[in-house]
Structures are given as structure tokens and as C-alpha cells.
Amino acid sequence: PAEALACRPALRRARAWCLFFRGRPLAEFEGELSGADAAVFAALAGIYRGETEGVPERMGELLSPAPDDALSETGRYMASLVSVLALHEGGREREAAGLLAELRASVSPMTSLGASFFLAVSLFREGELGKAAAIVEADIAAAGPGIPAVGRQYSLAGEILLVRGRLEEAEAMLVQAVGRLERLGAASSMGALMLLALVRALRGEEAENLLERARALAADFDLSDLDDREVALCEARVAGLRGDHGRARKVLEGLPLLPEAPATAAFHERHQAKYERLEKARVLLAERRWAPALEALDQVRRVAVEARRRILLVAVDLLRSLALDGLGRASESAQAFAASLARAAPERIALPFLECGAAARELAARLLPALPPDLARFAAQATGLPGEEPAEPASAASAEAVALSSRERDVLSFLAAELSAAEIGERLYLSENTVKTHLKTLYAKLGAHSRAAAWARAVELGLAGAGQPRAAIHPPIHPAG
């Protein structure tokens, strides 16, 4: 009984987190929590509604509480993380980064997964893809296959690969992200589903089933009124990639109404509005309405510069170059195109060029001779002009140099299925130790440090085999633990 009473607060917090991420109202469970713990949940729920003002200060007060209402160690960590999230969403990136560094240094690597994730997201938003990728890859390697919470890292790793135009690797990573995040709670997988829909659309494949699942999750998740708009925005983007610009326009015109709460409206303006205007500009460009498209893009560009959003700036300048070209302003078009390439090339940002397709290829073909050699090479690679192949990373092995035995290929084929070494051994009639030996050899040959990285590298090199079945969105078997 004494032990049971001692762990009751932790059980209540665990139940509260389950209910919270299922989108249940705070009133359903806040009565079971201490005042301090309830305050942390209330602050996090407020952030989902866009209410970030004063949150870091309130969390700071909780971190130095009166002894009779002290936060647990877990509660202290969560209060710090909520402070980071509030700073992050409120545009106070430098303060968020400083607090994150302190937080990561004060806890174990496993406990710091949340802090690491927010730091990686902050770097990603600023276009520091290499640094963000290094953080999430290290987290994935440290967490191992049995930790669902690392699904957020898989999702961000997949988004980084998507932005770099490495679609097959992005798909493999996002499939794993969805499988892990669905084990955390239904709403957690919504973002990964939308990213996966974009990958499928870029590859010319069906994405409607993924969007349907994301729509259902958004409808069930009542902590935020903005999720329905986010899914609708993704639907418009997918329609545009399919060339169905009429559908894209219809979706954008029918976006769900914004909530009346001032804080939520402010949150929308900071985070979603610029992307909505970007999608509307894409539709205007498809309709050859160059002047209104340019006007919308100029609005987005001002916000993107202020918020230091490199990926968004690459997309905006590329679309501006198309609008200016349509208006016959050739010199300005060339300048905007070169500016887009100059921002994209250092981090290999290829997604905006892939999304523009033939229009970007045609413009690149005309402007290539006037570009500096390094930008010309990247422009040819990013737009898919013939005769230019993307350069392999210096440390990457070539497919010819990676010679796998037949048994290593057998083990490789199970990596994306999230099976444990023992489960792979059962299917191949091998001992668990033998499978682990093959895995170590595969990691060495592929230059990888985790299953996810090994599978992604194998896909990139074509070693996964065209005949292998694609990993299921719902992995049939999950690793023990």
C-alpha cells in the first residue's frame, strides 16, 4: 500500500498525458493532478490554442515552488519543455535555444528526446538541415527500435529527406514515423501522414487515403482549432502537385473558419497564414495571373525574411521568378531565380524545384548559362535537367562497393518491418546472435549506425530490391518493449 500510494501521482500524470494526446478536454482530468502539474497541462493546452504570452514566466514560477506543491522531477522537466515550446512558438528562438541547451545537459540522453526534438525543429525552420539531421539521427540511434516517442525524430528526419528531394528515403522514414507515432496516440501521427501524402503525390502515387486519415485525426483532436486548416492546406498542395489546380482553389476557398479567440488568430498569422498565401499564389501562377501572384508572394517574402525561414524563402523566390518571367521582367526573374538557388544550394534544398516541375526546368534551362558553375550544377540537379546527376556525399559508399551476401540481403529485407533480431531469426531459421552479427556487418558496409539509417541507405543504393514489398503503414509486428 505504501508503494502504491507513492506512485499514484506518477500514474495520474501518465493517464493525463494519454488523455491529453487523445485530444480530451483538460477538465476531464485536471482534478486528479496536483496544482503544479495541472498548471503545466493548462499551459501546454494553451500553446495549442496559440496562447504563448507569459507561459515561460509562469513555468519559471512553478520551477521554484513552495514545498507543499512542488513539481516532481518529471514535472520539472515538462515545465522546462513547455517553456521552450512557448518561446519557440512565440518567435523567441534564441531564448528557446539557450534553455534547450541547459535542459539537454541536465538530463539523460533518453529523457532529453523532447528537448532534442525541439532544438532540431528550430534548426530545421531556419534551414540548418545538416545540423537538424545530425541531432535526430543521434536520437534515433540512442533510443533504439522499441521507443515510440522517437517517432517524432523519424518524422523530422523524413521531412528533411523530403526537402532534399530524396523521396524514396523520405518515404521509408515516414512510414516508420507513422507506425511509432500511432502507438503514442492517434493525433501524434497526423503530421507524418501529411508529409507522406506529399511524398506519394510527388511520386505520382495515390495520396487520398493518407489525407483521409489525417482529416479524421484533425476532427477528433480538439486541443486546437487549427488542425483542420492544416490538413486542408496539405490537401490543396497535393491537388496542385497532381495538376488539379481547380481542386486546389476550391479547397483553399473552403478553408475552415478561423476561431474567434484573439490568441489563436495571432498564432495562425505567425505560423499558418504565410503558407496559405503561398498555396494561393501557386494557384494564381497556374492560372497565369502573374500580377496578383507576385503581390501575394511579396507579402509572404516579407514575413519569411523576418522569421528567417530559409526553405520558405527558397520557394518564394523561385515562384517570384516564374511570376516575373510571366510578366516579361526577365532581368528581375533571373535575379530571383539566382537568389533562390543561392539559398538552396548549401543545404541541398530541392523540394521547391520538384514542386514546380516543368516550369522550373524550363526556366533553369534558359538561365543556366548565366549562372555561376556551382549554382548551375545544383539547378540542373534540383530541376532534373538531363545530363546532371546529384553528387553522392563524400563519405557515402557506392552501390558497386557494397557487396552483400545472400543472407545479409535476407536480413536487410526485414529492417523496415520493425522486427526484433529474435523475430527476424524465427523467419529465417537463424539464431538471434547470428542475426545480430549480420546486422553489425550491414551497418559497417552501409556506413550506418541504426536500422533506419541502414534501410534508408539501402533504398538509396537500390540494394533493398525492387521486388521487396513496401513497408506497411501499420507495421504488423512491433518490437518487444
Non-hydrogen side-chain atoms of F124 and L129 separated by less than 4.5 Å: yes
Heavy-atom closest contact (R247 atom, A239 atom, distance): CG-CB, 3.7 Å
Atom pair CD1 (I311) and CZ (R343), whose distance is rounded to the nearest 0.5 Å: 12.5 Å
Residue pair D139 / F117, side-chain heavy-atom distance below 4.5 Å: no
Within-4.5 Å side-chain heavy-atom neighbours: E206 and R200: no
Within-4.5 Å side-chain heavy-atom neighbours: E169 and R164: no
Criterion side chain to side chain contact (heavy atoms under 4.5 Å, CB included) on V55 and S83, from CA distance to verdict: CA-CA 6 Å; V55 170; S83 295; 5.5 Å; no
Shortest non-hydrogen contact between V136 and A157, atoms and distance: CG2-CB, 4.0 Å
E306, CD: over 12 other non-hydrogen atoms inside 6.0 angstrom: no
Qualifying residues under side-chain contact (heavy atoms from CB on, under 4.5 Å), relative to E95, sequence neighbours excluded: L87, R92
Pairing residues for E355 by the side-chain contact (heavy atoms from CB on, under 4.5 Å) criterion, not counting sequence neighbours: L202, R237, L241, R282, L351
Approximate separation, where rounding is to 0.5 Å, of H438 NE2 and R409 CZ: 14.0 Å
Backbone N/O of N433 and side chain of T437: donor-acceptor pair under 3.5 Å: yes
Pairwise distance CG(L195) to CE(M173) - rounded to 0.5 angstrom: 12.5 Å
CD on Q153 to CD1 on I135, rounded to 0.5 Å: 9.5 Å
Chi angles and distances behind the salt bridge (Lys or Arg N to Asp or Glu O under 4.0 Å) call for E276, R229: CA-CA 9 Å; E276 291 176 12; R229 291 181 72 91; 2.9 Å; yes
Residue pair R249, H245: steps toward the side chain to side chain contact (heavy atoms under 4.5 Å, CB included) verdict: CA-CA 6 Å; R249 171 172 283 284; H245 301 291; over 6 Å; no
Exercise: identify the closest heavy-atom pair between V40 and A79: CG2-CB, 4.1 Å
Partners meeting side-chain contact (heavy atoms from CB on, under 4.5 Å) with A344 (sequence neighbours left out): V314, I349, F353, F378
Separation of I160 CD1 from R166 CZ (nearest 0.5 Å): 10.5 Å
Check: R152 main-chain N/O paired with R180 side-chain donor or acceptor under 3.5 Å: no
Candidate pair L278 and L319, rule side chain to side chain contact (heavy atoms under 4.5 Å, CB included), full reasoning: CA-CA 9 Å; L278 185 69; L319 294 174; 3.6 Å; yes
Note: R215-E212 ion pair, threshold 4.0 Å (strictly below): yes
Contact summary for R58 and E53, nearest pair of heavy atoms: NH1-O, 3.5 Å
Where P352 and L318 come nearest, the two heavy atoms and their spacing: O-CD2, 3.4 Å
Considering all heavy atoms, the nearest A177-G151 contact: CB-O, 3.7 Å
Flag, side chain of S420 to backbone of E423, donor-acceptor distance under 3.5 Å: yes
L233 and L252: CA distance, side-chain angles, deciding distance, side chain to side chain contact (heavy atoms under 4.5 Å, CB included) verdict: CA-CA 7 Å; L233 199 59; L252 291 170; 3.9 Å; yes
Lys/Arg-Asp/Glu bridge criterion (N-O < 4.0 Å) met for E126, K131: no
From CG (L354) to CZ (R203), nearest 0.5 Å: 12.5 Å
